[in-house]
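We use all heavy atoms of the structure for the numbers below, so side chains are in, but hydrogens, waters and symmetry mates are not. First the proteins, then the strands, lettered A, B, ... as listed; each starts at 1.
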Amino acid sequence: MRTLRWLVGLIFIGAFMYWNFFIYTGSIYFKLINVILFSTLFVLYRVIVGPTAADRIVAVDILGVLIIGLLALLGLYYQQSFFMDIGLIWALLSFIASLAFAKILEGRSLDD
Amino acid sequence: MIREILGMVFILIGITFDFLGVLGLVRLPDVYNRLQAATKCVTFGSAGILFGVFLQQGFNNFGFKVLVGILFIFLTSPVAAHTIARAAHRSGIKLTAETVVDQYQEDHELKD
Amino acid sequence: MTITKRSRIIVFSLSFLVWVALTSISDWQEVILGLIVALVVSLLAGQFLITTEKSKHPVRRLFLAIIYFFKFLWEMIKANLHVAYIVINPALPIRPGIVKIKTNLTKDSALTVLTNSITLTPGTLTVDINPESREIYIHCIEVTSTDVGENTREIGGRFEGLIAEVFE
(Lines give C-alpha, C1' and ligand atoms only; values in the text may rest on other atoms or scores of the structure.)
Protein backbone atom coordinates (compact mmCIF):
# COMPACT_ATOMS: atom_id res chain seq x y z
CA MET A 1 0.00 0.00 0.00
CA ARG A 2 2.76 2.40 0.99
CA THR A 3 4.81 1.46 -2.08
CA LEU A 4 1.76 1.96 -4.32
CA ARG A 5 1.17 5.44 -2.92
CA TRP A 6 4.87 6.20 -3.39
CA LEU A 7 4.66 5.18 -7.07
CA VAL A 8 1.54 7.32 -7.68
CA GLY A 9 3.29 10.28 -6.09
CA LEU A 10 6.41 9.70 -8.18
CA ILE A 11 4.36 9.67 -11.40
CA PHE A 12 2.51 12.86 -10.36
CA ILE A 13 5.72 14.73 -9.47
CA GLY A 14 7.52 13.39 -12.54
CA ALA A 15 4.71 14.57 -14.83
CA PHE A 16 4.86 18.04 -13.31
CA MET A 17 8.65 18.25 -13.57
CA TYR A 18 8.56 17.09 -17.22
CA TRP A 19 5.97 19.74 -18.07
CA ASN A 20 7.84 22.42 -16.14
CA PHE A 21 11.35 21.88 -17.50
CA PHE A 22 10.70 20.59 -21.05
CA ILE A 23 7.31 21.87 -22.28
CA TYR A 24 6.77 25.17 -20.45
CA THR A 25 8.67 27.94 -22.27
CA GLY A 26 9.32 30.64 -19.69
CA SER A 27 12.37 32.20 -18.13
CA ILE A 28 14.47 29.90 -15.90
CA TYR A 29 13.38 32.00 -12.90
CA PHE A 30 9.73 31.25 -13.63
CA LYS A 31 10.51 27.54 -13.92
CA LEU A 32 12.06 27.66 -10.43
CA ILE A 33 9.14 29.70 -9.06
CA ASN A 34 6.79 27.06 -10.48
CA VAL A 35 8.54 24.39 -8.40
CA ILE A 36 7.95 26.43 -5.22
CA LEU A 37 4.30 27.00 -6.17
CA PHE A 38 3.95 23.24 -6.77
CA SER A 39 5.29 22.55 -3.27
CA THR A 40 2.81 25.02 -1.76
CA LEU A 41 0.17 22.71 -3.25
CA PHE A 42 1.40 19.96 -0.88
CA VAL A 43 1.42 22.41 2.04
CA LEU A 44 -2.19 23.35 1.27
CA TYR A 45 -3.06 19.63 1.20
CA ARG A 46 -1.70 19.38 4.77
CA VAL A 47 -3.62 22.53 5.80
CA ILE A 48 -6.91 21.14 4.48
CA VAL A 49 -6.54 17.44 5.40
CA GLY A 50 -4.28 17.62 8.49
CA PRO A 51 -5.89 15.37 11.12
CA THR A 52 -5.05 17.61 14.09
CA ALA A 53 -4.82 21.35 14.68
CA ALA A 54 -1.04 21.13 15.21
CA ASP A 55 -0.56 19.80 11.67
CA ARG A 56 -2.32 22.85 10.26
CA ILE A 57 -0.19 25.20 12.37
CA VAL A 58 3.00 23.49 11.15
CA ALA A 59 1.86 23.81 7.54
CA VAL A 60 1.06 27.52 7.85
CA ASP A 61 4.39 28.15 9.59
CA ILE A 62 6.29 26.39 6.79
CA LEU A 63 4.31 28.33 4.16
CA GLY A 64 5.75 31.56 5.58
CA VAL A 65 9.33 30.35 5.12
CA LEU A 66 8.64 29.08 1.58
CA ILE A 67 7.18 32.45 0.57
CA ILE A 68 10.44 34.27 1.47
CA GLY A 69 12.32 32.16 -1.10
CA LEU A 70 9.62 32.75 -3.72
CA LEU A 71 9.65 36.52 -3.19
CA ALA A 72 13.46 36.62 -3.35
CA LEU A 73 13.35 34.86 -6.74
CA LEU A 74 10.63 37.24 -7.99
CA GLY A 75 12.74 40.19 -6.90
CA LEU A 76 15.74 38.72 -8.67
CA TYR A 77 13.76 38.39 -11.93
CA TYR A 78 12.29 41.91 -11.85
CA GLN A 79 15.45 43.47 -10.27
CA GLN A 80 13.30 45.16 -7.58
CA SER A 81 14.35 45.03 -3.94
CA PHE A 82 10.93 45.82 -2.44
CA PHE A 83 9.83 42.19 -2.90
CA MET A 84 12.26 41.32 -0.12
CA ASP A 85 10.59 43.87 2.19
CA ILE A 86 7.31 42.04 1.68
CA GLY A 87 9.07 38.72 2.37
CA LEU A 88 10.65 39.93 5.63
CA ILE A 89 7.35 41.30 6.94
CA TRP A 90 5.49 38.15 5.87
CA ALA A 91 8.00 35.98 7.76
CA LEU A 92 7.77 38.18 10.87
CA LEU A 93 3.97 38.05 10.92
CA SER A 94 3.82 34.29 10.28
CA PHE A 95 6.32 33.69 13.10
CA ILE A 96 4.24 35.72 15.56
CA ALA A 97 1.07 33.99 14.32
CA SER A 98 2.61 30.53 14.89
CA LEU A 99 3.61 31.48 18.44
CA ALA A 100 0.09 32.78 19.15
CA PHE A 101 -1.56 29.67 17.67
CA ALA A 102 0.75 27.43 19.70
CA LYS A 103 -0.13 29.28 22.90
CA ILE A 104 -3.84 28.94 22.20
CA LEU A 105 -3.37 25.22 21.43
CA GLU A 106 -1.53 24.77 24.72
CA GLY A 107 -4.49 26.29 26.56
CA ARG A 108 -2.75 29.40 27.95
CA SER A 109 -3.95 32.97 27.51
CA LEU A 110 -1.97 35.32 25.28
CA ASP A 111 -0.73 37.56 28.13
CA ASP A 112 1.72 35.30 29.98
CA MET B 1 30.18 35.39 -14.47
CA ILE B 2 31.42 32.85 -11.89
CA ARG B 3 29.25 34.63 -9.31
CA GLU B 4 26.09 34.12 -11.41
CA ILE B 5 26.79 30.38 -11.89
CA LEU B 6 27.58 29.87 -8.19
CA GLY B 7 24.42 31.76 -7.21
CA MET B 8 22.31 29.62 -9.55
CA VAL B 9 23.82 26.45 -8.05
CA PHE B 10 22.87 27.61 -4.54
CA ILE B 11 19.34 28.48 -5.71
CA LEU B 12 18.94 25.02 -7.27
CA ILE B 13 20.16 23.26 -4.10
CA GLY B 14 17.80 25.39 -2.03
CA ILE B 15 14.77 24.61 -4.18
CA THR B 16 15.56 20.87 -4.11
CA PHE B 17 15.64 20.84 -0.30
CA ASP B 18 12.52 23.02 -0.08
CA PHE B 19 10.66 20.50 -2.20
CA LEU B 20 11.96 17.50 -0.22
CA GLY B 21 10.98 19.13 3.06
CA VAL B 22 7.45 19.72 1.84
CA LEU B 23 7.30 16.08 0.67
CA GLY B 24 8.28 15.07 4.21
CA LEU B 25 5.43 17.24 5.52
CA VAL B 26 3.05 15.11 3.45
CA ARG B 27 4.60 11.65 3.88
CA LEU B 28 5.64 11.34 7.54
CA PRO B 29 3.13 9.89 10.01
CA ASP B 30 2.69 12.33 12.94
CA VAL B 31 3.09 16.00 13.76
CA TYR B 32 6.52 15.70 15.46
CA ASN B 33 8.12 13.86 12.53
CA ARG B 34 6.54 16.36 10.13
CA LEU B 35 8.05 19.21 12.14
CA GLN B 36 11.48 17.57 11.93
CA ALA B 37 11.44 17.24 8.14
CA ALA B 38 9.70 20.52 7.46
CA THR B 39 11.77 22.70 9.79
CA LYS B 40 15.19 21.35 8.83
CA CYS B 41 14.74 21.11 5.08
CA VAL B 42 12.68 24.24 4.50
CA THR B 43 14.97 26.39 6.66
CA PHE B 44 18.08 25.11 4.86
CA GLY B 45 16.37 25.36 1.46
CA SER B 46 15.10 28.90 1.88
CA ALA B 47 18.45 30.00 3.30
CA GLY B 48 20.11 28.42 0.24
CA ILE B 49 17.84 30.32 -2.15
CA LEU B 50 18.46 33.59 -0.31
CA PHE B 51 22.24 33.01 -0.28
CA GLY B 52 22.15 32.32 -4.02
CA VAL B 53 20.25 35.58 -4.60
CA PHE B 54 22.82 37.38 -2.44
CA LEU B 55 25.69 35.94 -4.52
CA GLN B 56 24.02 37.15 -7.73
CA GLN B 57 23.29 40.62 -6.31
CA GLY B 58 26.45 41.45 -4.38
CA PHE B 59 26.63 44.11 -1.66
CA ASN B 60 23.81 46.41 -2.73
CA ASN B 61 20.44 47.27 -1.19
CA PHE B 62 18.82 43.99 -2.26
CA GLY B 63 21.81 41.95 -1.06
CA PHE B 64 21.64 43.38 2.46
CA LYS B 65 17.89 42.73 2.68
CA VAL B 66 18.52 39.12 1.66
CA LEU B 67 21.23 38.73 4.34
CA VAL B 68 18.84 40.07 6.98
CA GLY B 69 16.31 37.51 5.72
CA ILE B 70 18.78 34.62 6.20
CA LEU B 71 19.57 35.74 9.77
CA PHE B 72 15.86 36.09 10.50
CA ILE B 73 14.98 32.58 9.22
CA PHE B 74 17.75 30.96 11.25
CA LEU B 75 16.64 32.72 14.44
CA THR B 76 12.89 32.26 14.21
CA SER B 77 12.30 28.88 12.55
CA PRO B 78 13.67 26.60 15.34
CA VAL B 79 11.87 28.66 18.00
CA ALA B 80 8.53 28.24 16.21
CA ALA B 81 9.15 24.48 15.78
CA HIS B 82 9.98 24.06 19.47
CA THR B 83 6.90 26.00 20.57
CA ILE B 84 4.56 24.05 18.28
CA ALA B 85 6.03 20.69 19.41
CA ARG B 86 5.60 21.52 23.10
CA ALA B 87 2.06 22.83 22.57
CA ALA B 88 1.12 19.69 20.61
CA HIS B 89 2.47 17.39 23.31
CA ARG B 90 0.81 19.31 26.15
CA SER B 91 -2.53 19.45 24.34
CA GLY B 92 -2.45 15.65 24.19
CA ILE B 93 -1.75 14.91 20.53
CA LYS B 94 -0.58 11.28 20.36
CA LEU B 95 2.70 10.14 18.84
CA THR B 96 2.53 7.67 15.96
CA ALA B 97 2.12 3.92 16.60
CA GLU B 98 5.73 3.24 15.51
CA THR B 99 7.09 5.27 18.45
CA VAL B 100 9.76 3.46 20.46
CA VAL B 101 9.97 5.49 23.68
CA ASP B 102 8.42 8.64 25.23
CA GLN B 103 10.39 9.77 28.28
CA TYR B 104 8.58 13.14 28.36
CA GLN B 105 5.25 11.40 28.96
CA GLU B 106 6.84 9.12 31.60
CA ASP B 107 8.28 12.04 33.57
CA HIS B 108 5.05 14.01 33.48
CA GLU B 109 3.06 11.02 34.70
CA LEU B 110 5.46 10.71 37.64
CA LYS B 111 4.89 14.36 38.56
CA ASP B 112 1.07 14.32 38.36
CA MET C 1 29.78 51.67 32.78
CA THR C 2 26.90 49.43 33.73
CA ILE C 3 25.81 46.42 31.70
CA THR C 4 22.45 48.02 30.80
CA LYS C 5 24.14 51.15 29.43
CA ARG C 6 26.61 49.10 27.37
CA SER C 7 23.77 46.92 26.03
CA ARG C 8 21.81 50.03 24.99
CA ILE C 9 24.82 51.50 23.16
CA ILE C 10 25.40 48.23 21.26
CA VAL C 11 21.72 48.01 20.28
CA PHE C 12 21.78 51.66 19.14
CA SER C 13 24.78 51.16 16.83
CA LEU C 14 23.50 47.82 15.49
CA SER C 15 20.05 49.17 14.62
CA PHE C 16 21.57 52.26 12.99
CA LEU C 17 23.85 50.00 10.89
CA VAL C 18 20.84 47.89 9.81
CA TRP C 19 19.00 51.10 8.88
CA VAL C 20 21.94 52.27 6.75
CA ALA C 21 22.17 48.86 5.04
CA LEU C 22 18.46 48.60 4.28
CA THR C 23 17.68 52.13 3.09
CA SER C 24 20.77 52.85 0.89
CA ILE C 25 21.03 56.42 2.15
CA SER C 26 20.83 59.21 -0.45
CA ASP C 27 19.92 62.23 1.70
CA TRP C 28 20.91 63.72 5.08
CA GLN C 29 17.29 63.66 6.29
CA GLU C 30 17.35 59.86 6.13
CA VAL C 31 20.42 59.84 8.38
CA ILE C 32 18.63 61.96 11.00
CA LEU C 33 15.48 59.83 10.84
CA GLY C 34 17.61 56.70 11.23
CA LEU C 35 19.33 58.15 14.31
CA ILE C 36 15.93 58.95 15.86
CA VAL C 37 14.58 55.45 15.13
CA ALA C 38 17.73 53.78 16.53
CA LEU C 39 17.46 55.93 19.69
CA VAL C 40 13.81 54.95 20.22
CA VAL C 41 14.61 51.25 19.65
CA SER C 42 17.54 51.30 22.08
CA LEU C 43 15.49 53.07 24.77
CA LEU C 44 12.53 50.68 24.40
CA ALA C 45 14.30 47.32 24.03
CA GLY C 46 18.01 47.95 24.55
CA GLN C 47 18.39 46.32 27.95
CA PHE C 48 17.57 42.81 26.73
CA LEU C 49 20.61 42.13 24.50
CA ILE C 50 23.33 41.75 27.16
CA THR C 51 22.19 40.83 30.65
CA THR C 52 25.16 39.03 32.22
CA GLU C 53 28.95 39.37 32.20
CA LYS C 54 30.84 36.81 30.12
CA SER C 55 33.95 35.29 31.66
CA LYS C 56 36.18 34.70 28.60
CA HIS C 57 38.12 37.20 26.47
CA PRO C 58 36.08 38.68 23.54
CA VAL C 59 38.63 37.94 20.77
CA ARG C 60 38.89 34.29 21.85
CA ARG C 61 35.07 34.08 21.98
CA LEU C 62 34.77 35.53 18.45
CA PHE C 63 37.32 33.02 17.12
CA LEU C 64 35.52 30.08 18.77
CA ALA C 65 32.16 31.39 17.53
CA ILE C 66 33.46 31.23 13.93
CA ILE C 67 34.67 27.64 14.49
CA TYR C 68 31.29 26.80 16.01
CA PHE C 69 29.48 28.32 13.01
CA PHE C 70 31.33 26.10 10.50
CA LYS C 71 30.86 22.98 12.66
CA PHE C 72 27.14 23.78 12.88
CA LEU C 73 26.92 24.30 9.11
CA TRP C 74 28.51 20.89 8.47
CA GLU C 75 26.14 19.17 10.91
CA MET C 76 23.22 20.94 9.25
CA ILE C 77 24.18 19.73 5.75
CA LYS C 78 24.43 16.17 7.13
CA ALA C 79 21.00 16.61 8.77
CA ASN C 80 19.39 17.67 5.52
CA LEU C 81 20.89 14.78 3.53
CA HIS C 82 19.66 12.38 6.23
CA VAL C 83 16.10 13.75 6.18
CA ALA C 84 16.09 13.80 2.37
CA TYR C 85 17.13 10.13 2.33
CA ILE C 86 14.28 9.22 4.72
CA VAL C 87 11.69 11.20 2.77
CA ILE C 88 12.42 9.76 -0.69
CA ASN C 89 12.82 6.17 0.60
CA PRO C 90 9.65 4.16 -0.25
CA ALA C 91 9.89 2.15 3.00
CA LEU C 92 10.07 5.30 5.23
CA PRO C 93 12.71 3.96 7.72
CA ILE C 94 11.89 5.80 10.99
CA ARG C 95 12.04 4.79 14.68
CA PRO C 96 10.69 7.92 16.42
CA GLY C 97 10.64 8.60 20.13
CA ILE C 98 11.20 11.29 22.77
CA VAL C 99 14.39 10.96 24.85
CA LYS C 100 15.88 13.01 27.67
CA ILE C 101 19.38 14.51 27.88
CA LYS C 102 21.18 16.46 30.59
CA THR C 103 23.11 19.70 30.11
CA ASN C 104 25.59 21.70 32.19
CA LEU C 105 24.86 25.13 30.67
CA THR C 106 23.27 27.74 32.94
CA LYS C 107 22.93 31.01 31.00
CA ASP C 108 19.75 31.64 29.00
CA SER C 109 21.60 32.65 25.82
CA ALA C 110 23.73 29.48 25.88
CA LEU C 111 20.65 27.29 26.38
CA THR C 112 18.84 29.05 23.51
CA VAL C 113 21.75 28.48 21.13
CA LEU C 114 22.06 24.84 22.22
CA THR C 115 18.35 24.07 21.71
CA ASN C 116 18.23 25.87 18.35
CA SER C 117 21.31 23.95 17.18
CA ILE C 118 19.74 20.66 18.31
CA THR C 119 16.57 21.48 16.36
CA LEU C 120 18.50 22.13 13.15
CA THR C 121 20.84 19.08 13.28
CA PRO C 122 20.31 15.43 12.27
CA GLY C 123 17.14 13.73 13.42
CA THR C 124 16.56 15.76 16.59
CA LEU C 125 13.96 18.35 17.67
CA THR C 126 13.79 20.05 21.06
CA VAL C 127 10.36 19.57 22.65
CA ASP C 128 10.72 21.00 26.15
CA ILE C 129 13.35 22.15 28.64
CA ASN C 130 13.32 21.89 32.41
CA PRO C 131 15.49 24.73 33.80
CA GLU C 132 15.61 23.47 37.41
CA SER C 133 16.91 19.97 36.76
CA ARG C 134 18.67 21.07 33.51
CA GLU C 135 17.06 18.40 31.35
CA ILE C 136 16.13 18.78 27.68
CA TYR C 137 13.48 16.57 26.09
CA ILE C 138 14.29 15.75 22.47
CA HIS C 139 12.21 14.11 19.77
CA CYS C 140 14.48 11.82 17.72
CA ILE C 141 13.53 10.50 14.30
CA GLU C 142 15.77 7.44 14.81
CA VAL C 143 16.20 6.45 18.47
CA THR C 144 19.44 4.52 19.03
CA SER C 145 19.28 4.05 22.81
CA THR C 146 17.07 5.01 25.74
CA ASP C 147 19.96 5.62 28.15
CA VAL C 148 20.24 9.24 29.35
CA GLY C 149 24.07 9.32 29.57
CA GLU C 150 24.62 7.89 26.11
CA ASN C 151 22.09 10.26 24.52
CA THR C 152 23.73 13.21 26.30
CA ARG C 153 27.09 12.31 24.79
CA GLU C 154 25.68 11.75 21.30
CA ILE C 155 23.24 14.65 20.93
CA GLY C 156 24.37 17.40 23.29
CA GLY C 157 28.08 16.59 23.42
CA ARG C 158 28.69 17.68 19.83
CA PHE C 159 28.10 21.35 20.67
CA GLU C 160 28.13 21.77 24.41
CA GLY C 161 31.87 22.35 24.92
CA LEU C 162 32.13 25.07 22.29
CA ILE C 163 28.89 26.78 23.41
CA ALA C 164 30.11 26.81 27.01
CA GLU C 165 33.34 28.52 25.86
CA VAL C 166 31.52 31.13 23.77
CA PHE C 167 28.41 32.03 25.75
CA GLU C 168 29.08 31.24 29.43
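With a threshold of 4.5 angstrom between heavy atoms, C:Ile138 does not approach chain B through any atom at all. Using a 4.5 Å cut-off between heavy atoms, B:Tyr32 contacts chain C through both its backbone and its side chain. With a 4.5 angstrom heavy-atom cutoff, B:Val26 does not touch chain C via any of its atoms. Neither the backbone nor the side chain of C:Tyr85 has a heavy atom closer than 4.5 Å to any heavy atom of chain B. With a threshold of 4.5 angstrom between heavy atoms, C:Ser117 does not approach chain B through any atom at all. If you measure heavy-atom distances from B:Leu67 to chain C, you find no contacts under 4.5 Å at all. Both the backbone and the side chain of C:Val99 come within contact range of chain B, each with at least one heavy atom under 4.5 Å from a heavy atom of that chain.
Counting only heavy atoms from C-beta outward, the side chains of C:Val18 and B:Phe64 never approach each other to under 4.5 Å. At a threshold of 4.5 Å between non-hydrogen side-chain atoms, the residues B:Val79 and C:Asn116 count as touching. Using a 4.5 Å cut-off on side-chain heavy atoms (C-beta onward), B:Phe44 and C:Leu73 make no contact. The side-chain heavy atoms of B:His82 and C:Thr115, taken from C-beta on, include no pair separated by under 4.5 Å. The side-chain heavy atoms of B:Phe74 and C:Leu120, taken from C-beta on, include a pair separated by under 4.5 Å.
Other residues, nucleotides and ligands place no more than 12 heavy atoms under 6.0 Å from the CG atom of C:Asp108. A 6.0 Å sphere centred on CD1 of B:Ile2 holds no more than 12 heavy atoms belonging to other residues, nucleotides or ligands.
Remark: the backbone N or O of C:Thr119 is not paired with any side-chain donor or acceptor of B:Gln36 at under 3.5 angstrom. Looking only at distances, a side-chain donor or acceptor of B:Arg27 sits under 3.5 Å from a matching main-chain atom of C:Val87. Using a distance-only test at 3.5 Å, with no hydrogens or angles considered, no donor-acceptor pair links the side chain of B:Lys40 to the main chain of C:His82.
A distance of 10.0 Å separates NE2 of B:His89 from OH of C:Tyr137, quoted to the nearest 0.5 Å. Taking CG of C:Asn80 as the start and OG1 of B:Thr43 as the end, the distance is 8.5 Å to the nearest 0.5 Å. Distance check, rounded to the nearest 0.5 Å: OG1 of C:Thr126 to CG of B:Leu35 gives 11.5 Å.
Top candidate by heavy-atom pairs under 4.5 Å with chain C, chosen from B:Thr16, B:Leu28, B:Thr39, B:Leu23, is B:Leu28. Chain B forms more heavy-atom pairs under 4.5 Å with one residue of C:Val143, C:Thr121, C:Thr112, C:Ile129 than with any other, namely C:Thr121.
Between C:Val83 and B:Cys41 the shortest heavy-atom distance is CG1-SG, 3.7 Å. Counting all heavy atoms, side chain and backbone alike, C:Ala21 lies closest to B:Asn61 at O-OD1, 3.8 Å. The minimum heavy-atom distance linking B:Asn33 with C:Pro96 is given by the pair OD1-CB, 3.7 Å.
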